[in-house]
Amino acid sequence: MPNLLAHLNEPQLAAVTLPPQHALILAGAGSGKTRVLTTRIAWLISTRQLTPQGVLAVTFTNKAAREMHTRLAAMLPINTRGMWIGTFHGLCNRMLRAHHRDAALPQTFQILDSQDQLAAIKRLLRTLNVDDEKFPPRNLQYFINSAKEEGLRPPAVEAHDEYSRRCVELYAAYDEQCQREGVVDFSELLLRSYELLQRNELLREHYQRRFTHVLVDEFQDTNRLQYRWLKLLAGADSSVFAVGDDDQSIYAFRGANVGNMAAFEREFKVANLIKLEQNYRSHGNILSCANALILNNRHRLGKNLWTEAGEGEPVRVYEAMTDGQEAQWLVEEIRALARDGHARADMAVLYRSNAQSRVIEHALFSAGLPYRVYGGLRFFERAEIKHALAYLRLMENPNDDGAFLRVVNFPARGIGARSLEALQDAAKAANLSLFAAVETLTGAAAAKLGAFTRLIEALRSETRAMPLPELVEHVVARSGLLAHYQHEKEGQDRIENLRELVNAAVAFLSDEGIGQNVPADLGVANVAAPPAGVQFANVAPDIGAQGLEGAPADAADPVAPDTAPELSPLAAFLSHASLEAGENQAGEGDDAVQLMTIHSAKGLEFDAVFVTGLEEGLFPHENALTQASRFGDAASGGGAGRQQGAPPEQGLEEERRLMYVAITRARQRLYLSFSQTRMLHGQTRYSLKSRFVDELPDEALKWLTPRVQARGSASLEGWGGAWEGFGGSRGRGAGSGFGAGGAAGARATYDSGRLSGPEQRAAARFDRGIAYRVGQNVAHARFGEGVIVNVEGSGEDARVQVNFGREGMKWLALSVAKLQALG
DNA sequence: TCGGTTCAGAGTATT
DNA sequence: TCTGAACCGA
C-alpha cells in the first residue's frame with residue numbers, strides 16, 4: 001500500500017484515500033487525473049474495502065478504458081478482465097447481453113454505428129415514402145439521438161407543430177424498424193440499459209448492492225442520460241467518485257452537459273470536493289497563459305494551475321500574412337526543432353477545423369517532413385470492412401435488413417433495384433425480414449435472391465467449427481469480396497484491409513475481455529481470487545468471488561443473467577467492431593509530426609505544440625458566436641434539443657475552453673500563430689487576430705513578428721508592410737509567482753490533531769477485536785466517518801492517520817481519540 | 001452498372 | 001476551393 005500512495009501530492013493522496021463517500025475531484029489539465037482514479041481503485045481493493053466485483057468504472061473512450069485496465073493491472077496482482085471497467089456504451093452492451101430477455105432483445109443483437117444508423121433512417125424514409133428533402137435524414141438522426149439522450153421515447157416527446165409531430169412519428173417508426181431487425185444504435189444502448197434498470201427493481205438493487213464504488217472519468221462530458229444512468233446504478237451504499245474538469249468541457253455540441261457537475265454536487269450532497277491543481281506537464285509560462293485565458297470565462301467552478309517546474313520558455317506568437325506563409329513558417333520551425341534533437345512525434349500542429357490541415361499538409365509534404373493526420377475514416381468504418389462485417393452480421397442475425405441490403409448485390413450478383421423493390425414489398429406485406437421474404441418470391445429474381453440466402457446459410461454451416469480468424473478469412477473469400485477487389489484497379493489497399501480484418505480477429509481473441517467486449521457478464525469468474533483472508537465486508541453476501549454472474553443461468557431468477565454462458569466469438573467480435581472503430585491511419589510507428597484538431601488533442605501532450613489559425617471567426621469560430629440557432633433545429637420542436645436557449649456567451653466560453661485545452665497540451669514549447677488572410681471556401685478572407693491572443697499575459701509571450709497595437713488592428717495595417725526583419729521580440733519571457741507558494745487548492749487540511757483531553761482517555765479504548773489497519777473505515781465523534789490511511793507506532797504510542805474527507809486528514813493517537821470501527 | 005457531371009455546403013466527434 | 005452525394009446517360 002505505501003508504494004501505491006508514494007509520490008502522490010497532498011490533494012491526490014486525499015482523493016485516493018477518501019472514505020467511502022461521494023466525491024467530486026476537480027482535476028486540472030495534467031494534474032494526474034487518471035492516476036488518481038486508478039490508484040483509488042487499487043487502494044480500495046488492496047485495503048480490502050472493495051473487491052474487484054464491486055467496482056464500476058466508466059469512461060468515454062476505449063482508449064481511456066484500456067489505459068485504466070493497464071494501469072490497474074500494473075498496480076495490483078489481479079486480472080482486470082471481467083471487471084466492470086469500460087465505456088458507457090461498452091458496459092451497457094454488456095448489461096444488455098446479460099439480460100437480453102428482460103431488455104426485449106435477441107442475444108445476438110447487432111450494434112449500429114452512426115453510419116449504419118443514418119443508412120437505416122434513409123431506408124426507413126424510402127419505405128414510408130417520406131420526402132427526404134422535407135425530412136433530411138441527418139436532421140432526423142440528430143432528432144432521434146437527442147431525444148434518446150434526454151431519455152425520451154416517442155410518446156414522451158413534446159410536439160407542438162405538424163412538423164415535429166411528424167418527426168416523432170418517424171422516430172417511433174425507426175425504433176420499430178430497429179426492434180424488428182434486432183439492431184440497436186449507440187444511444188439506444190444507453191437508453192435501453194437505463195430503462196431496464198428503472199423497470200426491473202430486483203435487477204437494479206442487485207447492481208446497486210454490487211457496485212459499492214462507482215468511478216467516473218471525464219465527468220464534465222457526461223450527457224443527461226448518462227448522468228441518470230449513474231444515478232440509477234448508485235445505490236444507497238455506493239460511493240460515486242467523479243473526476244472531471246469543467247474548464248475542459250468542449251463537447252456541449254454533442255450533448256455533454258457540464259451542469260451535471262453542479263447537479264452531482266447538489267443531488268449527491270457531495271461533501272468532498274477536491275481540486276487537483278498542481279500540473280506536472282507544462283512549464284510556468286504556458287500555465288500562466290492557460291490560467292489568464294480561462295479567467296475570462298464567467299461560468300466556472302474555479303481552479304488555478306501551478307507547477308514546480310520553472311517558467312520555462314516564453315510562449316511564441318507569430319503573425320503570418322497568408323495561411324500559406326503560416327504553414328511555411330511551421331515547416332521552418334519544425335525543422336529547427338528537429339535539428340535541436342526533438343522527435344517529430346513529440347510535436348503537434350493543432351487547428352480548430354479539419355479544413356485547415358490542407359495547407360499545412362501541403363507545406364509539410366513539399367518539405368518532405370513526415371506527418372500523421374488524425375481523424376478521417378477509421379478501420380472498421382471502411383467500406384470493404386463494412387461489407388465483410390455485413391456478411392458476418394447476416395450470418396449471426398438474418399433479420400438485419402441493413403446488412404442484407406448492403407451486400408445482397410455486392411459483389412454484383414445481378415440483383416437489381418427492381419428485384420429488391422419486389423422483395424421489400426413482399427417483406428412488408430408478410431411482415432418478414434428481407435432474408436425470410438426471399439422464400440415467398442417466385443420468378444427470375446427469386447432464383448438469384450435464393451442463391452444469396454443459400455450462400456449465407458452455407459457460410460454459416462461451413463464455418464460452424466472454425467475458430468474466429470479462420471471464419472473471417474473464409475467469409476471474405478467465399479463471399480466473393482476478395483475476388484471482387486482483386487479485379488479492381490485500385491483494390492490492393494482494400495485487400496490489404498481485409499487481410500487486416502483477419503488479424504483484427506486474431507488480436508480480438510488474444511485480448512478479449514481487456515476492452516468492454518467480454519461476452520455477457522461471465523468474465524467475472526476469471527478474476528483472480530483476492531488475497532487470502534479478504535472478507536467481502538462491503539459486498540452483499542450473494543456476490544462473492546464467484547459472483548452472481550458466474551453462477552449458472554436460472555431463468556426463474558429475475559436477477560440472473562438469462563443468456564447461455566458464452567456469446568459466440570463472432571457475435572462478440574461484431575460488437576467489438578461496432579463499439580471500437582479502430583485506428584484511423586497506418587504509419588503510427590514513424591517519427592511523424594502529429595496533425596489534429598484541438599478536439600482530438602484533448603488528453604494528449606507534446607513537447608512542442610503549434611496552435612494555428614488563431615483568427616476571429618475561425619477560432620473562436622463564428623458559428624459558436626452566433627450560436628443558439630444551431631441547436632435544436634429539427635429537435636427543438638420536440639423539446640429534445642440540446643442547449644435550448646443557451647445564452648450566446650456560452651458558445652464563446654466553450655471556444656475559450658477549447659483554447660485552454662490547446663494551450664495545456666504543451667510541455668515545453670508553445671507556439672501560437674495567425675494569419676492576416678486565409679483561403680476559405682474558395683475565397684480569400686481577411687482576418688483579425690483572435691481575441692484569445694489578447695487575453696494572454698504579455699509577460700509570458702514572445703512575439704516572433706512585430707506586434708501590432710491594439711486588438712483588431714492586426715489585420716490590414718500590417719498587410720504589405722515589409723517586416724521581414726523578424727525577431728522583434730517584446731516578451732522578456734518572464735512572469736513571476738509561479739511554482740512556489742501557490743499550493744492553494746485542496747480543502748483538506750493536514751494538522752496533526754491531538755484533540756482529546758485527558759478525560760477522554762478512558763473512553764479511547766478501541767474494540768480490540770478489530771485491528772487498526774490501513775483501509776479500515778472508522779467514525780469519530782467530531783470528524784465523522786473516515787478511513788485509516790496510515791498506522792504508526794504500537795501500544796500506547798500508536799497513532800493512526802485518518803482521512804475524514806471534508807474534514808481533512810488527521811493524525812490521531814489511539815490512546816486518546818475515540819474511534820469506532822465501521823463495517 | 002459504371003462513370004462522368006452537377007450541385008450544395010463547408011464545425012468540433014466518441015460510441 | 002474542394003468534397004461528397006445525387007443523378008443521368010451509355
Side-chain angles (χ1 to χ4, degrees), chain A residues 58-65 86-93 111-119 122 132-133 136-138 142 145 148-149 184-191 193 217-218 221-223 225-226 249-256 323 350-359 362 374-378 380-381 409-417 484 488-489 515-517 575-582 584 596-603 613 617-627 630-631 651 654-655 657-659 661-662 678-685:
Chain A
V58 57
T59 65
F60 279 87
T61 64
N62 292 300
K63 197 176 160 201
T87 62
F88 280 100
H89 294 86
L91 297 177
C92 287
N93 175 46
I111 299 166
L112 302 185
D113 67 18
S114 318
Q115 259 183 58
D116 300 333
Q117 185 188 32
L118 189 62
K122 285 181 180 167
D132 60 2
E133 301 252 308
R138 286 209 165 274
Y142 177 82
N145 289 336
K148 289 189 181 183
E149 285 167 20
V184 160
D185 62 52
F186 284 137
S187 13
E188 184 73 20
L189 282 173
L190 252 303
L191 182 54
S193 163
D217 191 22
E218 304 279 19
D221 289 340
T222 50
N223 65 34
L225 182 57
Q226 286 160 340
S249 161
I250 56 173
Y251 284 116
F253 71 89
R254 68 170 199 214
D323 47 357
L350 309 185
Y351 35 79
R352 172 68 241 259
S353 63
N354 286 304
Q356 290 167 248
S357 77
R358 292 181 57 73
V359 199
H362 179 76
Y374 281 65
L377 265 200
R378 319 256 296 267
F380 285 112
E381 293 165 353
N409 197 35
F410 192 95
R413 298 186 173 88
I415 298 171
H484 174 86
E488 211 175 54
K489 276 169 289 179
Q516 25 298 130
N517 300 299
S575 27
H576 166 78
S578 307
L579 287 172
E580 171 143 34
N584 64 4
M596 66 190 84
T597 63
I598 301 168
H599 281 90
S600 341
K602 191 178 165 218
L618 194 61
F619 192 20
H621 198 281
E622 53 202 353
N623 293 357
L625 301 175
T626 54
Q627 222 222 359
R630 242 196 70 244
F631 293 97
E654 178 143 324
E655 292 291 296
R657 291 192 291 268
L658 195 54
M659 179 67 180
V661 168
R678 183 172 297 273
M679 196 60 122
L680 212 63
H681 305 334
Q683 278 171 353
T684 302
R685 193 158 109 159

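It should be emphasised that the depicted structure is a prediction, and the values quoted were computed from it without experimental measurement.
As judged by a 4.0 angstrom heavy-atom cut-off over every strand, A:Asn354 is placed among residues touching the sugar-phosphate backbone only. The residue A:Tyr251 sits close only to the backbone: its heavy atoms come under 4.0 Å of sugar-phosphate atoms, none of a base. Across all strands shown, A:Glu381 has no heavy atoms under 4.0 Å from either base or sugar-phosphate atoms.
For A:Arg254, taking side-chain heavy atoms from C-beta onward, the closest of the listed nucleotides B:dT14, B:dT15, B:dT1 is B:dT14. Among the nucleotides B:dT12, B:dT1, B:dT15, the one closest to any side-chain atom of A:Asn409 is B:dT1. Distance from the side chain of A:His89 is smallest to B:dT15 among B:dA13, B:dT15, B:dT1. Among the nucleotides B:dT15, B:dT12, B:dT1, the one closest to the side chain of A:Ser114 is B:dT15.
Aromatic ring pairs are classed by plane angle as parallel below 30°, tilted from 30° to 60° and perpendicular above 60°; the pair A:Phe253 and A:His599 is perpendicular.
Taking only side-chain nitrogens and oxygens, A:Ser187 never comes nearer than 4.0 Å to OP1 or OP2 of B:dT15. A sub-4.0 Å separation between OP1 or OP2 of B:dT15 and a side-chain N or O of A:Asn62 is present. Phosphate contact (OP1/OP2 of B:dA13, side-chain N/O of A:Arg378, threshold under 4.0 Å): absent.
With sequence neighbours excluded, the residues that form a ring pair (Phe, Tyr, Trp, His ring centres under 6.0 Å) with A:Phe60 are A:Phe88. When the salt bridge (charged side-chain N to carboxylate O under 4.0 Å, His left out) test is applied to A:Glu218, the partners found at least two apart in sequence or on another chain are A:Lys33, A:Lys602.
Mapping A:Ala417 and A:Phe186 onto DNA chain B by nearest heavy atom places A:Ala417 at the nucleotide closer to the 5' end. Positionally, the nearest nucleotide of DNA chain B for A:Arg352 lies more toward the 5' end than for the other of A:Arg352 and A:Lys63.
Salt bridge annotation for A:Glu655-A:Arg352: present, with a cationic side-chain nitrogen under 4.0 angstrom from a carboxylate oxygen. With respect to A:Arg254 and A:Asp221, no salt bridge is recorded, no charged nitrogen being found less than 4.0 Å from a carboxylate O.
Side-chain contact of A:Ser578 with A:Ser575: a donor-acceptor pair under 3.5 Å is absent, judged by distance alone.
At a cut-off of 3.5 angstrom, counting only N and O atoms as typed in the model, there is no donor on one side facing an acceptor on the other between the side-chain of A:Ser600 and the base of B:dT12.
For the pair A:Asn223 CG and B:dA13 P, the interatomic distance rounds to 18 Å; values are reported in whole Å. Following rounding to the nearest Å, A:Leu190 (CG) and B:dT14 (P) show an atom-to-atom distance of 17 Å. Straight-line distance from the NE2 atom of A:His621 to the P atom of B:dA10: 10 Å, rounded to whole Å. For the pair A:Asp185 CG and B:dT14 P, the interatomic distance rounds to 18 Å; values are reported in whole Å. When the C1' atom of B:dT14 is taken as reference, atom CG of A:Asp217 falls 13 Å away, rounded to whole Å. One atom, CD1 of A:Ile250, and another, P of B:dA13, lie 9 Å apart when rounded to the nearest Å. Note: CD (A:Gln115) to P (B:dT14) measures 13 Å, nearest angstrom. Computed from coordinates, the A:Phe410 CZ to B:dC2 C1' distance equals 13 Å when rounded to whole Å.
B:dA13 and C:dG4 have their P atoms separated by 15 Å, given to the nearest Å.
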Kindly give the atom pairs (protein nitrogen or oxygen, nucleotide nitrogen or oxygen) under 3.5 Å for nucleotides 1-9 of chain C.
{"from": "C:dT3", "atom 1": "OP1", "to": "A:Arg358", "atom 2": "NH1", "distance (Å)": "3.4"}

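Annotation: side chain of A:Arg678 is in contact with side chain of A:Gln356 (closest heavy-atom distance under 4.5 Å).
Interatomic distance, NE2 of A:His362 versus OG of A:Ser357, reported as 13.0 Å (0.5 Å rounding).
Using a 5.5 Å limit on the distance between ring centres and a 30° limit on the angle between planes, the aromatic ring of A:Phe60 does not count as stacked on the six-membered base ring of B:dT14.
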